[in-house]
**Student:** 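Quick one: this structure, given as structure tokens, is what I'll be asking you about.
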2 protein chains.
Amino acid sequence: MTTALKNTAKATRLSNARRTALLKALADPRRFELLERIARNNCPLGCAQARSAMPISPATLSHHIKELETAGLIDVRREGKFHFLSLRPGVLDALASKLKLLETASCPAPPALARK
Amino acid sequence: MTTALKNTAKATRLSNARRTALLKALADPRRFELLERIARNNCPLGCAQARSAMPISPATLSHHIKELETAGLIDVRREGKFHFLSLRPGVLDALASKLKLLETASCPAPPALARK
DNA sequence: TCGACATTTCGACAACTATCGAATTGATTA
DNA sequence: TAATCAATTCGATAGTTGTCGAAATGTCGA
């Protein structure tokens with residue numbers, strides 16, 4: 001019950017600060033690419049795998065991983081020397097919902113609206 | 001038919017560059033707040049209205065408006081000295097869809113995944 | 001035409017951020 | 001214990017970005 005409610009709350013509620021943190025983490029193209037790789041992998045993505053897939057230095061990768069983790073977008077599992085990255089469930093959904101809400105809240109733009 | 005297809009394509013397709021531009025525009029908290037005000041207004045929001053609602057200088061507001069417009073999130077209608085801002089339909093939806101796709105593409109994280 | 005007003009541009013500044021090489025830390029194995 | 005390897009931290013650098021005051025531009029009305 002508590003867990004169920006907690007998960008539901010997480011899926012629908014984002015504070016302004018959290019929203020900002022998420023959007024900032026996603027705004028960097030390299031980071032988004034990394035997140036895509038993590039999301040599309042069929043199981044937790046090895047850090048080493050990410051490294052060989054992207055032309056960036058280990059230091060830069062580490063930095064990006066930390067940014068994604070800090071924003072709460074991914075989870076990092078450590079097994080000895082090896083790290084495995086996975087998408088944290090529900091976070092992107094919550095953000096997407098927030099954006100859709102904004103779209104829904106708006107009134108249709110008049111057709112005469114100039115786009116100069 | 002062409003228009004219908006065009007709108008459909010817009011709702012479902014975002015290039016990487018466009019996606020990045022959108023996320024960068026949304027990542028600033030002030031800008032997001034401005035977008036929220038535009039979205040929630042029942043008709044195009046007057047620039048002057050935005051100005052009086054937010055504690056930022058005219059220069060800063062102008063800068064943010066330009067960023068939102070350049071990213072393609074809003075349209076600006078000019079009536080003499082006055083500008084009116086409105087949300088461009090479908091853009092937030094397209095972005096939200098992209099995020100949801102990413103969520104869907106991921107595999108469920110194992111419960112044993114450590115969150116250190 | 002001038003003055004008032006709405007908005008933008010310009011230049012400066014400070015803060016933030018992506019990237020890297022080098023050094024460090026931590027885990028594993030011989 | 002030392003060597004190897006995975007990943008992080010550190011410091012530096014260059015680029016980006018938000019913010020502002022002042023100046024400039026554009027519109028309108030007297």
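Every value quoted in this text rests on a predicted model; they were computed, and no experiment measured them. Sequence lines set the chain letters: A, B, ... in the order given, protein chains first and strands last, and positions in each chain run from 1.
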**Student:** Using 0.5 Å steps for rounding, measure from the CG atom of B/Leu68 to the CG atom of B/Asp75.
**Tutor:**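 Between atom CG of B/Leu68 and atom CG of B/Asp75 there are 11.0 Å.
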
**Student:** Round to the nearest Å and state the distance from A/Glu67 atom CD to C/dT19 atom P.
**Tutor:** 11 Å

**Student:** Side chains of B/Leu95 and B/Leu26: does their closest heavy-atom pair fall under 4.5 Å?
**Tutor:**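 Side-chain contact under 4.5 Å: yes.
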
**Student:** Could you note down all residue pairs passing side-chain hydrogen bond (donor to acceptor under 3.5 Å, both in side chains) where residues 53-63 of chain B supplies at least one of them, sequence neighbours left out?
**Tutor:**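 Sorted result for residues 53-63 of chain B: B/Ser57-B/Thr60.
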
**Student:** Could you tell me how far apart A/Glu79 (CD) and C/dT28 (C1') are, to the nearest whole angstrom?
**Tutor:** 14 Å

**Student:** Can you tell me how far the CD1 atom of B/Ile65 sits from the CD atom of B/Glu67, to the nearest 0.5 Å?
**Tutor:** 11.5 Å

**Student:** Just the rounded figure in Å: distance from C1' of C/dA18 to CD1 of A/Ile65.
**Tutor:** 15 Å

**Student:** Sequence neighbours left out, what passes side chain to side chain donor-acceptor pair (under 3.5 Å) with A/Arg51? Give chain and number order.
**Tutor:** none

**Student:** How close do A/Leu99 and B/Ala96 get, heavy atom to heavy atom, and via which atoms?
**Tutor:** CB-CB, 4.2 Å

**Student:** Using the side chain to side chain donor-acceptor pair (under 3.5 Å) criterion, which residues pair with B/Lys98? Sequence neighbours excluded.
**Tutor:** none

**Student:** For B/Glu33, check side chain to side chain donor-acceptor pair (under 3.5 Å) against everything at least two apart and list the hits.
**Tutor:**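 So B/Glu33 forms a side chain to side chain donor-acceptor pair (under 3.5 Å) with B/Arg37.
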
**Student:** Looking at residues 23-33 of chain A, who's got a heavy atom less than 4.0 Å off DNA chain D?
**Tutor:** none

**Student:** Fill in the dot-bracket string of DNA chain C, one character per base: . for unpaired, | for a pair to another strand, ( ) or [ ] for pairs within the strand, taking Watson-Crick or G-U pairs under 3.5 Å.
**Tutor:** ||||||||||||||||||||||||||||||

**Student:** How close or far is atom P of C/dT8 from atom CG of B/Leu61, stated in whole angstroms?
**Tutor:** 7 Å

**Student:** Using chain A heavy atoms and a threshold of under 4.0 Å, write down where along DNA chain D the contacts begin and end, 5' to 3'.
**Tutor:** D/dC5 to D/dT9

**Student:** Under 4.5 Å between any side-chain heavy atoms of B/Asn16 and A/Phe32, yes or no?
**Tutor:**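 No, too far: nothing below the 4.5 Å cut-off.
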
**Student:** Sequence neighbours excluded, which residues qualify as salt bridge (Lys or Arg N to Asp or Glu O under 4.0 Å) partners of A/Lys24?
**Tutor:**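 Residues passing salt bridge (Lys or Arg N to Asp or Glu O under 4.0 Å) with A/Lys24: none at all.
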
**Student:** Please identify each residue that fulfils side chain to side chain donor-acceptor pair (under 3.5 Å) with B/His64, with sequence neighbours left out.
**Tutor:** B/Arg31

**Student:** Run the salt bridge (Lys or Arg N to Asp or Glu O under 4.0 Å) test against B/Arg30 and tell me which residues pass, sequence neighbours left out.
**Tutor:**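 Per chain and number, B/Arg30 pairs via salt bridge (Lys or Arg N to Asp or Glu O under 4.0 Å) with no residue.
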
**Student:** Atom NZ of B/Lys81 to atom C1' of C/dA6: distance rounded to whole Å?
**Tutor:**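 It works out to 6 Å between those atoms.
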
**Student:** Establish, with yes or no, whether the OP1 or OP2 oxygen of C/dT8 is under 4.0 angstrom from a side-chain nitrogen or oxygen of B/His83.
**Tutor:** yes

**Student:** Which residues satisfy the side-chain contact (heavy atoms from CB on, under 4.5 Å) test with B/Ala21, sequence neighbours excluded?
**Tutor:** none

**Student:** In whole angstrom, give the distance that lies between atom CZ of B/Arg51 and atom C1' of C/dA6.
**Tutor:** 8 Å

**Student:** Please write out each protein N/O paired with an N/O of nucleotides 9-13 of chain C under 3.5 Å, distance rounded to 0.1 Å.
**Tutor:**
unit_1 : atom_1 : unit_2  : atom_2 : d
C/dT9  : OP2    : B/Lys66 : NZ     : 3.4

**Student:** Within this structure, what is the CD1-to-C1' distance between B/Ile56 and C/dT7, rounded to whole angstrom?
**Tutor:**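 That distance rounds to 13 Å.
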
